[in-house]
Structures are given as C-alpha cells and as structure tokens.
2 protein chains.
Amino acid sequence: MTDQSPPEMPPADLPRLGEIGLTNFAPYLMNRIMGRYNASLREEMAGLGLTTPKMRALAVLSVIEGPLIRELAVYSVVEQSTLSRALDQLATEGLIRREADATDSRATRVFITEAGRAAFETLWPHMSEAHSRMFRGIPADERSAFVGTLQKMLTNIRKHEI
Amino acid sequence: MTDQSPPEMPPADLPRLGEIGLTNFAPYLMNRIMGRYNASLREEMAGLGLTTPKMRALAVLSVIEGPLIRELAVYSVVEQSTLSRALDQLATEGLIRREADATDSRATRVFITEAGRAAFETLWPHMSEAHSRMFRGIPADERSAFVGTLQKMLTNIRKHEI
DNA sequence: CAGTGATATTTGCAAATGCATTTAAATCTG
DNA sequence: CAGATTTAAATGCATTTGCAAATATCACTG
C-alpha cells in the first residue's frame, strides 16, 4: 500500500481542550460519570465478594446464553486473561459453568447457573438504583435520545466484531 | 433517625436487565464505549511512557491551573494513591511540578511545566481523533444535546464536591 | 489553648491486572 | 494431507492498583 501523504498529517488547526472546556468534552464527562457509577457499585458489592469483572460477567450472562469466553470478554469489557480468572472464581462459587463448545474443541461456552441468577438478583437492584440516580430529573424523551446516540457511538467505535 | 420501613425496601417490581436489553441500558453502553476509547488511547500512547493516570493528569492540568492533589484526583478520575505515584513519575520526567500550598502546609498544588504542555500537545491529537471517531456521523445538534444530558448526569452523580 | 477529631498526602503491602507466552486445536495452502 | 498460520483459552510474571495505615497539619470544642 503506497501512501503519497506524509506519515502523520499534522491536524490543520485542532481546537484545544482548554477552548472546548473539560465539561464540554464528552469522553471526559463519560469517564467521570462511569468512574463514579463503577466505584459505587464496587463499594456496595465488595462485601459479597463480587469484583467488577465478576459483576459484569454475571450481568451479561443473565442476558446472553452460553457465549464464548472471548465474546463474553468483549460484552463484559474485561480483558480476556482477567475474565479467565474471574470465571475461575465464579465457577468455584457455583455461579457459572464452563462447557466445551460442541463443534470447536478449542472453545468454551459459559453458562450462568441458578445460583448465579440468584446472585445477580441481589446485584441488579444496586445497578438499577445507580442507573436511576444517574438519570434523575431527566425526562423520558431525553433519556431515549441519549441512549440512541450511545448506540450510534457503539457502532462507531467497534472494531468489527460482535 | 428512626425508620418505620424495613431495612431494605425490596423494589416493588423492578424491570429486569433482560427485558431492558443490554444495548438499551445506558451504563452498559457507556462502559463499552469508554472501554474502547480508553484502551485505544492507552495502546497508542504506551510507547511514550504515558499511562492512563498520567495522561489524565496531564489533560486536566492543561486546563486547570494548580489544583490540589485531591481535586486533581477527582477531575482525573484516578484514585488518589494511584495519582500520587503517577505524579512522582511525571515530576521525575519534568512534566509537572508540585508546589506547597501557600496557606495550608498539608496541601500540595500541582502545576504543568512547559515540557508537560509539550507532552500534552502530542497526546491531544490522539484524544481528539478518538473523540471524532466516536461521534462520526452524529450531527451537531445531536452532539450538543448528548453533552447537555451528560452534564446533568454529572451533577446527579457527584457526591457533593468540586 | 490543650486535646480531639478532621483533612491532605504518601506509603506498605497484598491482591488484581495485563502483556506476552504457552498449549491445544482448527484452518488454510501448496 | 503435511506444514504453516490462525484462533481460543489459560497461565507465568512483572507491574499496577487500591485499601488501609502512617505522617503531618489544620480546625474545632470546651
């Protein structure tokens, strides 16, 4: 692939972060908001031995039936190696079950158990409550517009997968 | 404070995550999106010895002049102990400078140096580019509505501070 | 104004993380 | 179909993280 243009085209004249302002820069706001959302969930659930990777895996598995581990890693937003170890714990605690894929013997599918569903039942109200706090005072139409934009953004940033 | 109601009022009848759907649940989408945003930035900047906490501190310091360390921790969305160590590195590299607060000798203020600004100059185009990718195909009015909602959410989830 | 409690930052240390590698199995290629 | 390449998951290991404790200083209270 030949490329006529210089290796790194310097941006003509990028607006500066100071000009935009931190609180008008969407990624900054999203990191602030999710930082607190995740921190409060983590604090609330730490007593139950639920770490962030374990919570996320359970939440996804409550909705998606028997994904491959690499798929679960993407859905859960957890590094695959970290997820592998979180699944070890969840399996030991009887909350999930690994099962060899029927047609590809390299692959493993993950299933939530009844105990896992029960654990998620105690987790979900906390997630839901944190969600409600986030959206307090924001009307329904604004909420759905917001989610619509998020969905576009997700398709934008996906590499190609899932 | 006496409380007539049971310790944990069980939610009347909470909609389940499966009913809502993962891709309609805003915190899930936001974690997915920011997971990739942060990961791509981290990968791009790892070669320059810039970790996520260091990048975030530099970004905030490029905009906010001489915050206290605990303030910087909030703005940067980094645990204070982690930030303390990130600042050690940034100071060693000459990118920031710690300065004792004038009136409170417990407190430390942090300033970005010229070298720090230069480092942020190389960082910012990557942030800006990742931002552009996120918002590709999303019209200006939708973008600003989105940011408006984020700002409301930030005030909702703040504990009380900053 | 001494004593108690709160606040700012750093640091010790165990646990968690992520990169790179390994192992195993599938797929592609000549 | 043998050999090379890719893919799935687990693991070794060095680094990073975050909690809790330590240190230092300030603010409040009687």
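Within every chain, numbering begins at 1; the chains are lettered A, B, ... in the order of the sequence lines, protein sequences first and strands thereafter. No hydrogens, no waters, no symmetry mates; every other heavy atom, side chains included, goes into these values.
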| B:R16 CZ: over 12 foreign heavy atoms closer than 6.0 Å |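 At most 12 heavy atoms, drawn from other residues, nucleotides or ligands, come within 6.0 Å of this atom.
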
Kindly point out which of [options] is positioned nearest to the side chain of [X]?
X: A:R42; options: D:dC19, C:dG18, C:dA8; value: D:dC19
X: A:S81; options: C:dC13, D:dA9, C:dG18; value: C:dG18
X: A:A107; options: D:dG12, C:dT11, D:dA8; value: D:dA8
X: B:D104; options: D:dG18, C:dT10, D:dT25; value: D:dT25

| Salt bridge B:E121-B:R117, side-chain N to carboxylate O under 4.0 Å | no

| message | Any carboxylate oxygen within less than 4.0 angstrom of a Lys/Arg side-chain nitrogen, looking at B:D88 and B:K54? | response | no

| query | What distance do A:E44 atom CD and A:H126 atom NE2 have between them, rounded to the nearest 0.5 Å? | reply | 5.5 Å

Between [X] ([atom1]) and [N] ([atom2]), how many Å, whole number?
X: B:D88; N: C:dT11; atom1: CG; atom2: C1'; value: 10 Å
X: B:I69; N: D:dT25; atom1: CD1; atom2: P; value: 15 Å
X: A:L83; N: D:dA8; atom1: CG; atom2: P; value: 14 Å
X: B:R85; N: C:dT11; atom1: CZ; atom2: P; value: 9 Å
X: A:E79; N: D:dA8; atom1: CD; atom2: P; value: 15 Å
X: A:Q89; N: D:dT11; atom1: CD; atom2: P; value: 13 Å
X: A:D101; N: C:dA25; atom1: CG; atom2: C1'; value: 12 Å
X: A:R106; N: D:dT5; atom1: CZ; atom2: P; value: 16 Å

| task | Could you tell me whether the phosphate oxygens of D:dG18, OP1 or OP2, come under 4.0 Å of any side-chain nitrogen or oxygen in B:T82? | result |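 For D:dG18, OP1/OP2 do have a side-chain N/O of B:T82 under 4.0 Å.
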
| note | Residue pair A:P53/A:S105 against DNA chain C: nearer the 5' end by closest nucleotide is A:P53

| task | Would you mind classifying the nucleic acid contact of B:R98 as base, sugar-phosphate or nothing, using non-hydrogen atoms under 4.0 angstrom? | result |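 Since only primed, P, OP1 and OP2 atoms lie under 4.0 Å of B:R98, the category is sugar-phosphate.
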
| message | Any heavy-atom pair between the side chains of B:L17 and A:F120 that's under 4.5 Å? | response |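 A:F120 reaches B:L17 side chain to side chain.
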
